[in-house]
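These figures come from a predicted structure and were not determined experimentally. These values consider heavy atoms only, across backbone and side chains, with no hydrogens, waters or symmetry-generated copies. Chain identifiers are assigned alphabetically (A, B, ...) following the order of the sequence lines, protein sequences preceding nucleic acid strands; residue numbering begins at 1 within each chain.
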Amino acid sequence: MSTGHQLLPARVYVINALVLGGLMLLTVGAYYAPLGRFEFLALPIAMVIAILKATFIILIFMNVKYSSSLTKLFAASGFFWFLILIAFTMADFLLPELGSPYLDLASPGKSPLP
Amino acid sequence: MAVVTENEISPPVESKPVHYLNNNYSIWSWIFTIDHKRIGMMYLGTIMIFFLLGGVFAMLFRIELMTPEGDLFEADTFNRLFTLHGVVMIFFFLIPSIPATLGNFLLPLMVGARDLAFPKINLLSYWIFVFAGILALSVLVTGGVDTGWTFYAPLSTTYSNTSVFLAVSAAFFAGFSSILTGINFLVTIHKMRAPGLTWFRLPLFLWAHYATGIIMMLGTPVVAITLFLIGIERVWGIGIFDPTIGGDPVLFQHMFWYYSHPAVYVMILPGMGVISEVVACFSRNKVFGYHAIAFSSLGIAVIGFFVWGHHMFISGQSMYLGVVFSFLTMLVAVPSAIKIFNWTATFYGGNVILTTPMLYAIAFIGLFTIGGLTGIYLATMGMDVPLHDTYFVVAHFHFTMVGGMTTAFMAGIHFWWPKMTGRMYPEFLAKLSAVVIFFGFNFTFFPQFILGWLGMPRRYHSYPDEWQVLNVMSTAGATLLGFGFLLAIGYLVWSLFYGKRASANPWGAKGLEWEMQTPPSPHNFHEVPVVTEEPYSYTGKEVMDV
Amino acid sequence: MSDTHQVVGPEEPIVWEQYETIEQQEEANTFGIWLFLAQEIMFFGGLFGAYAVYRFKFPAEFHEGSLQLSIPWGAVNTSVLLLSSLTMAMCVYHTQRSNVKKQINYLGATLLLGCLFLFIKWYFEWPDKFAHHLVPVLDWNPAPGTFTDNAHAQMFFVLYFIMTSMHALHMVIGVGIGIWLLWMSKTKQLGENRYLPIEFFGFYWHFVDVVWVFLFPLFYLV
């Protein structure tokens with residue numbers, strides 16, 4: 001199925017751009033917003049907003065919303081495969097080694113050597 | 001029967017049939033060809049050169065290993081020899097081998113198309129491969145590289161005094177070539193199948209190449225960026241893996257093996273595709289469990305991305321993650337085992353004909369099984385601790401890669417040789433060379449299992465005296481193996497000029513590629529064929545025309 | 001077509017030799033470009049993976065490093081790219097309707113915005129890093145007291161320069177391809193029967209925008 005057969009009206013693109021601009025302001029705002037006890041949420045919030053922005057760009061500007069399932073599948077697979085890399089690699093650094101001198105979660109970057 | 005027009009099968013006797021080899025003899029028509037068949041043949045020639053080069057390196061260090069002392073080469077030189085053997089064999093022979101040669105040649109024919117989806121990108125992919133090859137050769141003349149084909153940091157980034165940058169660049173561009181080939185294959189299989197050729201009528205060769213394309217496309221970019229990071233750290237000191245600024249060499253290993261493990265499935269899956277075709281043809285039987293094999297190919301491709309940590313059990317990786325990787329590695333063995341059982345079941349009830357390709361296929365089934373089972377030993381974390389970086393590992397991957405992949409490559413080359421070149425190879429010499437290769441291979445690598453079990457480390461140029469006997473046996477086997485391959489290459493080249501002319505379907509095989517003239521015409525099909533048959537619809541009454 | 005509507009580019013879609021129909025060709029090409037983008041995701045993914053590991057290991061140093069980056073310039077750059085994505089989408093829109101003049105204008109605007117992004121990066125942001133001696137390898141000499149751990153802070157800047165350079169390289173390549181497409185537009189080769197080159201360039205451009213969408217919070221807003 002050709003993506004071009006779905007000719008979107010121009011205003012869809014303009015609205016999309018405005019939404020993205022708004023999300024960008026939200027990102028910056030969330031950075032400056034005082035979170036207090038919830039400081040650890042700063043990164044997840046930023047990532048959620050970034051993922052939303054990426055989703056809007058991909059679905060609307062790149063026309064994936066109106067594309068064939070094949071396109072959707074392979075576009076999604078790229079991100080999924082990236083997640084495999086990140087998840088397992090991070091797992092190596094996150095999983096505690098019980099009794100191991102090599103992991104100190106309180107100061108992860110600290111070398112175990114004297 | 002697929003519908004083909006008259007003038008395809010039997011051209012008029014008076015005029016010499018035009019095919020893809022003789023339609024234009026000029027050198028430019030080869031350099032700028034967008035004919036997938038010509039590109040496949042060019043790849044074949046280039047890959048064979050690298051195969052021989054890799055073999056030379058192997059011979060050199062096997063000679064060194066005949067004696068316990070490091071007396072022929074210094075340790076540094078020895079390091080360069082095994083590194084170059086690995087780099088050349090993996091990036092310039094094993095990974096491209098079947099996909100770039102047989103895959104390129106056969107994919108459009110099997111799918112019923114006039115060419116791949118992107119012929120010019122196919123050509124680009126070949127010339128990028130050649131460029132990568134030139135970079136690899138320039139590594140040779142600048143003193144080689146000694147880091148091992150695995151380029152572990154910080155040796156590769158900081159401490160090595162060899163041409164690491166050129167070597168990683170060569171691998172980088174070879175990878176780029178591979179990505180383009182993978183994309184081409186995926187699009188062709190998805191979008192260019194002939195009418196009536198549904199997914200479950202595809203030859204299993206194509207399922208295998210589809211799965212291979214997925215891995216090539218998704219895995220190779222990661223090793224590309226990893227090698228890029230090695231390169232810039234080496235040349236400009238931008239230390240992303242540098243421990244002095246907090247860098248982590250184990251991160252390199254994660255990123256490197258994320259591709260390099262699926263890469264071994266890039267190597268073996270096309271081989272398995274070949275075996276499916278050869279076993280079906282020479283058992284005169286449809287492949288047992290077609291769907292199981294098709295889905296197993298996809299299963300290997302997907303699960304293969306979840307197991308890379310089994311190369312890193314003793315690297316300092318989290319033990320708990322190691323358990324996960326160990327379990328997943330056991331899991332990835334299952335689809336391969338399913339295939340082995342199914343091919344064996346294909347023999348049953350069939351009419352087995354022992355041609356050269358079939359000899360190689362049978363050898364594959366036995367040798368790959370041994371290779372795969374020894375992989376289970378290594379997947380067991382506890383076993384891997386004493387076996388890691390010993391000759392047990394070396395034997396394991398040579399059983400799968402040489403006993404498996406290269407044997408399948410030989411099977412495929414012999415099976416489709418008449419179609420690709422229009423000539424038959426000499427059957428007696430071919431069988432002789434297959435037997436020589438089989439015995440040579442086993443004498444080379446079986447002793448290495450024992451050596452690894454006894455504790456001999458890999459990548460060492462000297463060893464304790466008590467292991468000499470096994471090492472000598474291994475070198476003797478390697479010599480035999482080398483002769484076997486040289487004999488094979490020799491008679492194949494000979495057959496190009498003096499071999500008996502082949503008919504369109506000398507094996508009595510089923511498949512779209514066998515229904516066209518030999519060698520195929522430049523544009524494959526005059527009319528798009530319509531497929532109405534299931535694959536491998538052998539009745540047992542097919543006649544060989546050798 | 002109404003009389004006032006001029007078809008720009010080929011009168012009818014051109015089918016390449018290996019394809020049977022134009023639909024098959026368009027589907028194959030679209031699938032192909034998406035596979036290319038999927039592998040680009042994996043290419044950048046390796047870098048984001050390295051970032052994730054080091055941010056986890058050195059959270060404090062990453063925060064300190066991030067303070068050295070200018071959020072206003074980062075936000076401006078992000079807006080520039082988002083706007084360029086809009087102009088790119090509009091360019092595709094007009095190509096699909098054979099409006100050559102608007103096609104050229106929007107493509108030109110996209111490329112100009114891309115160049116503006118690069119200009120801001122190379123004339124404001126990076127020289128600032130040099131001025132503060134925060135460039136690994138070339139000029140690493142941060143003022144004492146800037147960071148609690150100079151060595152680990154350097155890792156932040158190593159990643160910053162590698163990842164933004166890789167992104168910038170993709171932008172430069174994009175601008176190069178865009179200039180070629182601009183020539184094709186000017187010579188009236190692209191229109192409603194041949195707009196896939198522009199559409200695919202648009203995909204590439206949007207993809208590069210998506211990468212920046214993640215780079216911005218990960219480096220500037222730690």
Would you please classify the geometry between the [Y] ring and the [X] ring as parallel, tilted or perpendicular, with 30° and 60° separating the classes?
X	Y	answer
B:W149	B:F91	perpendicular
B:F256	B:Y152	perpendicular
B:F205	B:H209	tilted

### Residue pairs, two or more places apart or on separate chains, that pass salt bridge (charged side-chain N to carboxylate O under 4.0 Å, His left out) and touch residues 194-221 of chain B
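Checked against salt bridge (charged side-chain N to carboxylate O under 4.0 Å, His left out) - neighbours excluded - the pairs reaching residues 194-221 of chain B are B:R201-B:E534.
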
### Task
State whether the number of non-hydrogen atoms from other residues, nucleotides or ligands found under 6.0 Å of B:F327 atom CZ is greater than 12.
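No, CZ of B:F327 has 12 or fewer neighbouring heavy atoms, counting only those of other groups under 6.0 Å.
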
### Query
Among residues 27-37 of chain A, which residues come closer than 4.5 Å to chain B, judged by heavy atom distances?
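Residues of residues 27-37 of chain A touching chain B at under 4.5 Å: none.
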
### Any residue of residues 81-88 of chain A which, by heavy atoms, sits under 4.5 Å from chain B
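Those residues of residues 81-88 of chain A which have a heavy atom under 4.5 Å from chain B are A:W81, A:I84, A:L85, A:F88.
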
### Task
Please name the residue in the list B:H254, B:H261, B:Q253 that meets the side chain to side chain donor-acceptor pair (under 3.5 Å) test with B:W308.
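It is B:H254, the one option of B:H254, B:H261, B:Q253 that forms the side chain to side chain donor-acceptor pair (under 3.5 Å) with B:W308.
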
### Query
At a heavy-atom separation under 4.5 Å, does B:F306 approach chain A through its side chain, its backbone, both, or neither?
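For B:F306, heavy atoms of backbone and side chain both lie under 4.5 Å from chain A.
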
#### Entry: Which portion of B:Y258 sits near chain A, non-hydrogen atoms under 4.5 angstrom
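Side chain only.
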
#### Entry: Contacts of type side chain to side chain contact (heavy atoms under 4.5 Å, CB included), residue B:D248, not counting sequence neighbours
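Once residues adjacent in sequence are excluded, the partners of B:D248 under the side chain to side chain contact (heavy atoms under 4.5 Å, CB included) criterion are A:F93, B:V250, B:L251, C:Y54, C:K57.
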
### Query
Can the ring centres of B:H311 and B:H388 be said to be less than 6.0 Å apart?
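Ring centres of B:H388 and B:H311 not closer than 6.0 Å.
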
### Task
Going by the side chain to side chain contact (heavy atoms under 4.5 Å, CB included) test, name the single residue among A:T71, A:L8, A:L59 that passes it with A:Y66.
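In the set A:T71, A:L8, A:L59, the residue that makes a side chain to side chain contact (heavy atoms under 4.5 Å, CB included) with A:Y66 is A:L8.
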
### Query
Going from CD1 on B:I232 to OG1 on B:T157, what distance comes out if it is rounded to the nearest 0.5 angstrom?
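B:I232 CD1 to B:T157 OG1: 11.5 Å, rounded to 0.5 Å.
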
